[in-house]
Protein chains: 4
Amino acid sequence: MSATMSTPKSSAETRRAERKEKRREELVDAALRVFSRVGFATAKMEDVAVEAGTSKGTVYLYFDSKEHLFEEMVKAKMLPLFVEAEAELAVDVGSAEERLKAHVKFFYKKILNSDRRQIMRLIMAEGPNFPHLAEFYHANILSRGQAMMTAIIEEGVEKGEFRALSGHGLAQNVFAGALLAAMWKLIFDPYQPLDLDAYYETHVDLVLNGLKAT
Amino acid sequence: MSATMSTPKSSAETRRAERKEKRREELVDAALRVFSRVGFATAKMEDVAVEAGTSKGTVYLYFDSKEHLFEEMVKAKMLPLFVEAEAELAVDVGSAEERLKAHVKFFYKKILNSDRRQIMRLIMAEGPNFPHLAEFYHANILSRGQAMMTAIIEEGVEKGEFRALSGHGLAQNVFAGALLAAMWKLIFDPYQPLDLDAYYETHVDLVLNGLKAT
Amino acid sequence: MSATMSTPKSSAETRRAERKEKRREELVDAALRVFSRVGFATAKMEDVAVEAGTSKGTVYLYFDSKEHLFEEMVKAKMLPLFVEAEAELAVDVGSAEERLKAHVKFFYKKILNSDRRQIMRLIMAEGPNFPHLAEFYHANILSRGQAMMTAIIEEGVEKGEFRALSGHGLAQNVFAGALLAAMWKLIFDPYQPLDLDAYYETHVDLVLNGLKAT
Amino acid sequence: MSATMSTPKSSAETRRAERKEKRREELVDAALRVFSRVGFATAKMEDVAVEAGTSKGTVYLYFDSKEHLFEEMVKAKMLPLFVEAEAELAVDVGSAEERLKAHVKFFYKKILNSDRRQIMRLIMAEGPNFPHLAEFYHANILSRGQAMMTAIIEEGVEKGEFRALSGHGLAQNVFAGALLAAMWKLIFDPYQPLDLDAYYETHVDLVLNGLKAT
DNA sequence: TATGAATGAGAGTTCATTCAT
DNA sequence: AATGAATGAACTCTCATTCAT
C-alpha cells in the first residue's frame, strides 16, 4: 500500500492472478462437461482444452495430469456446496420434519437438478480407480451430509416426532431415493422419463411416514 | 446329412457345441471380473483372455468386439435372474408385507451379495456410452423388477395393508436403499464399513412403515 | 523327439522362435544405426521401426522402452566381442610386444573399423544418463579389456621386455590413442581426415617405445 | 549525440552494456551446468533460465535458440583458453621435454580439472548433430592445440631430444591419454576411481619415453 | 479352433518458442 | 529489459483388432 510504486504493479499482478483463476474455473467447467459426456477414461485432454477455448498445452499449466484434473474438478465443484448448505440450512428452527424436508429439497435443487448429478455418477463409475478421490468424497461430502441428516433425525426422536429406528444406515436410506433419481435421470430417462418434482413428493412422503412415530 | 449318419456326427457336434458354450461362459465370467476391476475403457482384451485362460485371438472368435463382449456379459449375467426370481417369488401367498420383504431380500441375496452388484455399477458408469445396453437393461431388468414391486404394492393397497401413495417413482423408492447399499459396498466400504444385514433391516423397516396404512 | 507328434509342432515353434530372434537382431541393428545418427534423445522409436522394416508397435513387443532398447543394443553389440577376442588372442605365444600389438590391432579392426566405434561414442554421450549402462559397460567391456592388457604388460615386465612403470592407468594409457581415433573419425574426419592405418602405426610405435626397457 | 551530452549518456549506456554482458555470462555459465548435467537434447531452456536466476523469456533476449545457446556457450568457454595458454606457454625456453610437460600439465589443470572436461564430452556427444560447432571446435581448439604440440615435438627432434617418429597423428597420440582421463572421470569414476595426479605421471612417463631418442 | 505376432491409430505429456503486458 | 502464460508440434507408449500359421 505504499502509494507510489506498489499500486500499479500489484494491479497488473492482480489482473494476471484473476485471469489465471478464471482460466482455472473455465477448465474445471469444461472438464466436468467432457468427463460427464464420456467418462474419465474416454475423455481426451484435447477435448477439455477445446471445450474451454484453449489449447492442449494450457491444460497442463493448470493441472499436472488428467488424474489431477479429474480430482480437482470434483473438489472444486462439490466443496462450495457445504458453504451454501450450512448457510441455508443451519437455522435451528421448525420441526424436525420441516428441517428434513428442507435438507432433502436442497439436495434435489443443488445436485439433482444441476451438473452435479453427473459428479455423483462419475464417483460411482471411477471411485474404485481413484481411491484417493473416493476417500476425499466420503470424508468431505458424504460424512458431512450424513452428519447433518443424523442430527435432524435424532432431534426428531428427542422431540417425539420420529420413532427410534435401528440406526445402521438410516441417514443413507433417507437419501437413497435421491441417488436413484440422479442415476435414473442420467441413464434411463429416455426410456422411462422421471418427473423429478413428483418423484420428490413420493420420496419425502415415503420416508417421513417411515420415520414418524405412530 | 442322411439320417443314418446323423447320430454319431451330431454327438460330436454336440460335444463341440457344449465345449463352445463352456468357453463362452468362461469368457463372460472373466469379462465380468476384469471389467469390475478396472471399468470398461481401462480393461484390456488381453486381460480378459488371460483371466479366462485363453489367448487374445480366441476372444474374437466368440465376440466381435470389446463393446459386444461387454454387452453380452451384462445380458448373460442378468437375464437368468428373472428365471430364478419368478420361480422363487411368483407364489401368490402371504401378506403383501411378506411378499415385499421376500422381494427385497431376494435382491440383497442375489445381487448385493454377489458379483452382480458390480454390474449395477458398470451400468451406472458406462450407461451413457452404451445407450443400447441401457435400453436393454431398462427393458429387461428394471421394468420387470419394477412391475413385480408395483404389483405387490397395489395388492397391499387393495388388501388395506398399505396406504395409497402418490405413485410416481414409488417402486424405485422402495428399491433405492438397495442401490445405495450396492454402491457403498463397492466404493466407500473401506472408509465406513456397511453391515449389509443391519442395513437391510433399517431399509425394510423404514420402507414398510412408510407404506403402511396408519 | 517322440517321432509322431512333436516334430511338426516343435518345428513350427522353432521356426517362430527363430523368426523372433531374427527380428530382435534386426531391431538391434536398426537401433544402432539410428542412435548413431542422432543420439539417444533425438532418436525416434518410429525411425528405428522403419529402419528395421517394421512398425512402431512391433518395437515394443521386443523392448519395453526406448531406454531398454538402447541398453540391450549396447549389450547385444559388445558382448560377443569377448568371445571372439578370447578365441583369437588367448594363445599364449610370442613376445609380450607381439601380443600387445595383436590386442591393439584387434581393437582397431573390431571396433574402430566397424559400427562399434559409434557405441563407444554413445557411451561417452549418454553414460551419465544411463548409470546402469555405464556400470555394465565398465564391468563387462572396460575391465575385461583392461585385465587382458594389464596381464600382457606384466608378462612383458617379467620377461624383461618392458620397464616397470608406475601402474595407475597404464592399461588405459595404452588404449587411449584408440579412443581418440574413434572420436576423431566420427566427428572431425571431414575437417582433418585421419588415416587409421598410419595412425595405428604411430600409436603402437609410441606406446611400445614408451614401455620398452632401455 | 553532441559531445557534451555524450558523457553521462555513455556512462548509462556503459552500465547497461556491462549489465548485459554480465547477464550473458551468467546464462552461459548456467547453460554449461545444465547441458553438462543432462546433455543437449534433454536440457530444458527453462532449467537454464532458473539456473541463471532469470525467466524463460529472458534467455531468448540473449540467444536466438537452444542451438545458438549451446554453440555460444562452447565458444565462450573454450576460446579464452588460448589467450591463457599462449601467455603461459609461449615462452621459448627450456628443453622440449620440459615444454611438452608444461603443455600437458596445462591441459590437465585447465580442462581435466575443471568444468571444461564436460565440454569435451558434449562435443563427443553432440558433434554429429552440430557440424558447424564441430568445425569450429576443430579449427579453434584442436588444430591450435595440435599445432603447439607439433611445434614442440619438431623442436625436440631438431635438438636431438626426440626420435623422428612417423608423424601421422602423433600430436593426437600425445594428448590421447588426457581425453581418456576426461571421459573416465565423467563416466566410470564411480566404478573405478581414477587418481588424476597419478594418472598424469603415467601418461607423461609413457609418452616421453615413447618419444625419446634411444 | 486357437494362437500370438504384427499393426497403426490414438492419447497423454513435454517443451521450444512467441508475445502481450 | 523482463516476464511467464499460451501454443501446438512432436514423441513415447498402448491396445483393439487382424491374420498367417
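The sequence lines fix the lettering, A, B, ..., with proteins before strands; numbering per chain opens at 1. Values below: every heavy atom of this structure, side chains too, minus hydrogens, waters and symmetry copies.
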At under 4.0 Å, does any side-chain N or O of [X] touch on OP1 or OP2 of [N]?
X: B:R23; N: E:dA2; answer: yes
X: A:R19; N: E:dA20; answer: no
X: D:Y62; N: F:dA1; answer: no

Please list every stem that involves DNA chain E, where a stem is a run of 3 or more consecutive Watson-Crick or G-U wobble pairs with both pairing distances under 3.5 Å.
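Stem list for DNA chain E: E:2-21 with F:2-21.
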Can you name the residues that form a side chain to side chain contact (heavy atoms under 4.5 Å, CB included) with [X], not counting sequence neighbours?
X: A:E26; answer: A:R19, A:K22, A:R23
X: C:E21; answer: C:R24, C:E25
X: C:L79; answer: C:F136, C:N140, C:R144

Using the salt bridge (charged side-chain N to carboxylate O under 4.0 Å, His left out) criterion, which residues pair with A:K66? Sequence neighbours excluded.
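By the salt bridge (charged side-chain N to carboxylate O under 4.0 Å, His left out) rule, A:K66 matches no residue at all.
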Rounded distance (Å) that lies between atom [atom2] of [N] and atom [atom1] of [X]:
X: B:K66; N: F:dT18; atom1: NZ; atom2: C1'; value: 17 Å
X: A:E67; N: E:dG12; atom1: CD; atom2: P; value: 10 Å
X: B:L61; N: E:dG4; atom1: CG; atom2: C1'; value: 12 Å
X: A:F63; N: E:dG12; atom1: CZ; atom2: P; value: 15 Å
X: B:R24; N: E:dT1; atom1: CZ; atom2: P; value: 14 Å
X: C:H68; N: F:dT12; atom1: NE2; atom2: P; value: 16 Å
X: C:E46; N: E:dG10; atom1: CD; atom2: P; value: 14 Å
X: A:F70; N: E:dG12; atom1: CZ; atom2: P; value: 14 Å

What's the closest nucleotide to the side chain of D:M45 if the choices are F:dC15, E:dA16, E:dT13?
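Comparing F:dC15, E:dA16, E:dT13 against the side chain of D:M45, the answer is E:dA16.
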A:Y60 has a side chain; which of E:dT18, E:dT7, E:dG12 sits nearest to it?
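Looking only at heavy atoms from C-beta outward on A:Y60, the closest nucleotide is E:dG12.
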Scan residues 48-57 of chain D against DNA chain F and write down, sorted by residue number, each residue with any heavy atom closer than 4.0 Å; if none is found, say none.
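Output list: D:T54, D:S55, D:K56, D:G57.
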Check DNA chain F against residues 27-41 of chain A and give the residues with a non-hydrogen atom under 4.0 Å, in numerical order.
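The answer is none.
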Donor-acceptor pair, B:R121 side chain versus B:L186 backbone, under 3.5 Å?
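No; zero donor-acceptor contacts below 3.5 Å.
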With nearest nucleotide decided by heavy atoms, which residue, C:S65 or B:S65, maps closer to the 5′ end of DNA chain F?
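Result of the comparison: C:S65.
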Can you give the donor-acceptor pairs under 3.5 Å from side chains of residues 123-134 of chain A to other protein atoms, not counting sequence neighbours?
| from | atom 1 | to | atom 2 | distance (Å) |
| --- | --- | --- | --- | --- |
| A:E126 | OE2 | A:F40 | N | 3.3 |
| A:N129 | ND2 | B:V38 | O | 3.2 |
| A:H132 | ND1 | A:E71 | OE1 | 3.2 |

Which donor-acceptor pairs under 3.5 Å do side chains of residues 41-56 of chain B form with protein atoms, sequence neighbours excluded?
| from | atom 1 | to | atom 2 | distance (Å) |
| --- | --- | --- | --- | --- |
| B:E51 | OE1 | B:R37 | NH2 | 2.8 |
| B:E51 | OE2 | B:R33 | NE | 2.7 |
| B:S55 | OG | B:T58 | OG1 | 3.4 |

